[in-house]
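Below: the structure, in structure tokens.
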Amino acid sequence: GIVGNDEQRKKAVTAIASEKIMWRRAIPVIAYRCGTTRSLPHSYVQKIVSPDDAAMIFFTSGTTADPKGVVHTHKSLMANIQAVHTKFGIQRNDILLSFLPISHIFQQVADSLMLFAGASIAYIDNPLFIKSAFLEIEPTCMTVAPQILENLCHATKTKIRKTSQLATLAVTMGANKFSDSRMTRMLAKAINPILRPIRKKVAQKIFGSQFRFFISGGAHLESSIAAYIHGGLETAVWQGWGMTEIGGAGSCNDATLNILGSCGLPLTGVEIKIAPCHDISPKLRALGTGEIWIKGDTCFAGYYEDTAATNEVMLLDGFFKTGDLGHFGPHGELWIDGRKKEFIVLTSGLKVMPSVLEDKLRALCPLIEQIVIVGDGKPHITALIWPRKTEVEKHTTKPFDEKSPWNATTRTIIMEEIKKINLALHERIKDIAFLPEPLTIDAETLTPTKKPKRTIINKKYKHLIESLYR
């Protein structure tokens with residue numbers, strides 16, 4: 001199979017048209033070769049298709065570089081599916097709510113896992129249907145990008161505040177068991193047994209009676225969001241880490257170890273090590289941060305027709321240099337500290353990891369729906385923002401103008417809220433500008449897992465960014 005958008009699929013098919021491609025649609029199997037087709041016996045297929053043969057070509061999202069064709073074999077895909085199955089123990093009666101694009105390896109592996117376990121998949125293609133799907137379909141699990149959980153969290157908070165003070169207290173106390181404050185945790189521990197039935201009732205009204213857990217991946221999930229859902233709504237959130245090149249997942253939290261903010265322990269059969277990286281801040285070095293290298297059967301076979309790029313990241317001992325930065329915690333759990341290529345370097349020489357800062361600001365400032373930090377080569381950072389309409393309306397008495405929704409009042413309100421957030425001096429945002437339209441996958445400003453495509457955004461909104469530094 002070739003997974004990507006229409007243009008990428010067309011290019012890939014054209015490039016390999018002269019090769020023998022096997023498409024299995026159960027039985028019989030049809031072999032496509034140079035425009036001719038013929039049925040083949042199953043025994044013949046078994047002889048010509050081996051575990052090391054290419055099974056799929058996935059195109060990387062192009063967040064920080066041009067997309068590459070990542071070749072995965074039958075062996076690498078099955079190794080990842082089996083490792084994830086071992087971690088989560090999916091059963092035949094499970095139902096996955098599938099929303100992320102199946103062109104992304106995260107959702108592709110999740111869907112394949114359900115088929116592997118004999119379970120069911122319910123597909124929805126509109127975020128507006130998610131709420132009703134929980135109650136109508138009664139799923140047991142769902143794979144999500146963090147932004148989905150962020151939106152769910154903000155919407156749920158607003159709804160609960162309007163309906164019941166007791167429910168608000170119960171959910172807040174549930175989330176507080178993950179608080180950084182020892183006193184807050186102790187109070188939550190004392191009162192939570194009494195409030196738990198209320199939280200369970202609230203969760204059931206939102207997610208249905210069968211829902212067990214979310215698996216979050218594709219980007220960093222802010223701890224406060226995970227705490228609200230995991231503790232406040234009594235619904236498990238397993239944060240994981242992975243890449244297209246490693247088959248989708250490399251590590252993930254689960255019921256045996258779930259440390260909010262981390263990405264859990266490596267999957268079965270996967271070896272992860274942290275390689276020294278000197279071009280990072282002293283703060284990160286003190287944590288033991290380095291480049292994440294990974295090795296295992298889940299790793300890809302190479303980049304399609306790009307030996308140079310493959311040799312650049314694949315070492316002779318089998319380790320793949322991911323380009324992600326991370327460190328291990330006291331329990332062996334993996335923490336992600338950003339990506340090497342993403343650093344914004346200020347004129348002072350100080351570095352800012354935009355993705356980490358963006359996740360924090362979205363989680364702690366409900367007024368922000370989308371944010372892109374900019375400022376490479378500048379004296380300070382600024383931000384492009386698409387505000388959350390429902391939250392903005394709460395802070396202003398002026399009627400919402402669809403033609404010019406974001407005015408000076410909105411800007412002042414958001415800047416005031418941002419200033420309340422505890423940030424390092426070089427991470428403080430000096431100014432903001434409003435995006436003329438939201439970032440979307442269709443406009444190619446977002447990846448399938450809702451991460452901003454920085455190169456495209458910087459080019460598209462060059463004049464808007466420059467106006468922030470005049």
Side-chain angles (χ1 to χ4, degrees), residues 60-61 63-65 80 84 87 104-106 143-150 178 214-227 230 237-254 257-267 270-277 279-281 283-296 298-299 313 319-344 351-363 373 424 427 447 449-452 454:
T60 57
S61 59
T63 310
T64 56
N80 202 279
V84 176
K87 182 169 276 286
H104 195 280
I105 196 167
F106 178 32
T143 43
V144 292
Q147 193 173 39
I148 296 172
L149 294 181
E150 289 168 9
F178 296 105
F214 290 101
I215 301 177
S216 176
H220 174 69
L221 176 65
E222 188 63 30
S223 298
S224 60
I225 302 295
H230 195 89
V237 179
W238 311 132
Q239 167 75 1
W241 165 81
M243 298 178 68
T244 306
E245 288 90 340
I246 62 174
S251 68
C252 196
N253 283 292
D254 58 22
L257 180 71
N258 185 34
I259 300 175
L260 300 193
S262 82
C263 291
L265 299 174
L267 298 184
V270 168
E271 183 182 351
I272 296 176
K273 69 179 182 179
I274 306 297
C277 187
D279 192 23
I280 56 176
S281 68
K283 182 180 177 180
L284 288 178
R285 279 201 297 272
L287 290 173
T289 297
E291 184 178 4
I292 301 170
W293 291 2
I294 186 169
K295 179 181 181 180
T298 62
C299 287
V313 296
F319 274 97
F320 165 61
K321 299 160 61 178
T322 67
D324 280 355
L325 298 173
H327 67 276
F328 287 121
H331 302 284
E333 77 279 9
L334 181 66
W335 293 79
I336 305 301
D337 298 312
R339 186 152 180 81
K340 288 173 67 176
K341 292 181 180 179
E342 266 192 3
F343 275 121
I344 288 175
K351 296 179 180 178
V352 177
M353 182 55 68
S355 57
V356 175
L357 184 55
E358 288 159 1
D359 294 337
K360 185 172 185 177
L361 290 168
R362 276 202 319 273
I373 303 295
E427 291 180 331
T447 71
T449 51
K450 310 291 186 180
K451 288 184 288 189
R454 301 186 190 280

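All values below come from the heavy atoms of this structure, side chains included, with hydrogens, waters and symmetry mates left out.
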Between R454 and E342, does any NZ, NE, NH1 or NH2 come within less than 4.0 Å of an OD or OE carboxylate oxygen? yes

NZ of K87: more than 12 outside heavy atoms within 6.0 angstrom? yes

Within this structure, what is the NZ-NE2 distance for the pair K360 and H220, rounded to the nearest 0.5 Å? 10.0 Å

One should read off an interatomic distance between S216 OG and W238 CH2, to the nearest 0.5 angstrom, of 12.5 Å

I274 and L334, any side-chain heavy atoms less than 4.5 Å apart: yes

Is it true that a side-chain atom of K450 and a backbone atom of P146 form a donor plus acceptor pair closer than 3.5 Å? no

Is there a donor-acceptor pair under 3.5 Å between the side chain of N253 and the backbone N or O of L260? no

Nearest 0.5 Å, what's the OG1-CD1 distance between T143 and I215? 7.0 Å

Test item: W241 and I292 side chains (from C-beta on) under 4.5 Å apart, heavy atoms: yes

Between E427 and K283, is the closest basic N to carboxylate O distance under 4.0 Å? no

Please answer whether the main-chain N or O of E333 pairs with a side-chain N or O of H331 as donor and acceptor at a distance below 3.5 Å. no

Intermediate values then yes/no, side chain to side chain contact (heavy atoms under 4.5 Å, CB included), V270 and S251: CA-CA 8 Å; V270 168; S251 68; over 6 Å; no

Rounded distance (nearest 0.5 Å) linking atom CD of E222 with atom CD of Q239: 10.5 Å

Sorted by chain and number, sequence neighbours left out, side chain to side chain donor-acceptor pair (under 3.5 Å) with H230 holds for N258

Considering all heavy atoms of both residues, which atom of G290 and which atom of C277 are nearest to each other, and what is their separation? CA-CB, 3.9 Å

Would you please test D337 and H327 for side chain to side chain contact (heavy atoms under 4.5 Å, CB included) and show each step? CA-CA 7 Å; D337 298 312; H327 67 276; 2.8 Å; yes

So, taking the atom named CG in L287 and the one named CZ in R285, what distance separates them when rounded to the nearest 0.5 Å? 11.5 Å

F214 versus L221: any side-chain heavy-atom pair under 4.5 Å? no

Partner residues of F319 under the ring-ring contact (aromatic ring centres under 6.0 Å, His included) criterion, sequence neighbours left out: none

More than 12 heavy atoms of other residues, nucleotides or ligands under 6.0 Å from NZ of K340: yes or no? no

Do the side chain of T244 and the main chain of T60 share a donor and acceptor less than 3.5 angstrom apart? no

So, using ring-ring contact (aromatic ring centres under 6.0 Å, His included) as the criterion, who are the partners of F320 when residues are at least two apart? F300

Check the pair T298 / L267 against side chain to side chain contact (heavy atoms under 4.5 Å, CB included), numbers first and verdict last. CA-CA 10 Å; T298 62; L267 298 184; 5.7 Å; no

Can you name the closest pair of heavy atoms from F328 and W335 and give their distance? C-CD1, 4.4 Å

dist I344:CD1 -> M353:CE (nearest 0.5 Å) comes out at 9.5 Å

Spell out, as yes or no, whether a donor-acceptor pair under 3.5 Å connects the side chain of N80 to the backbone of I246. yes

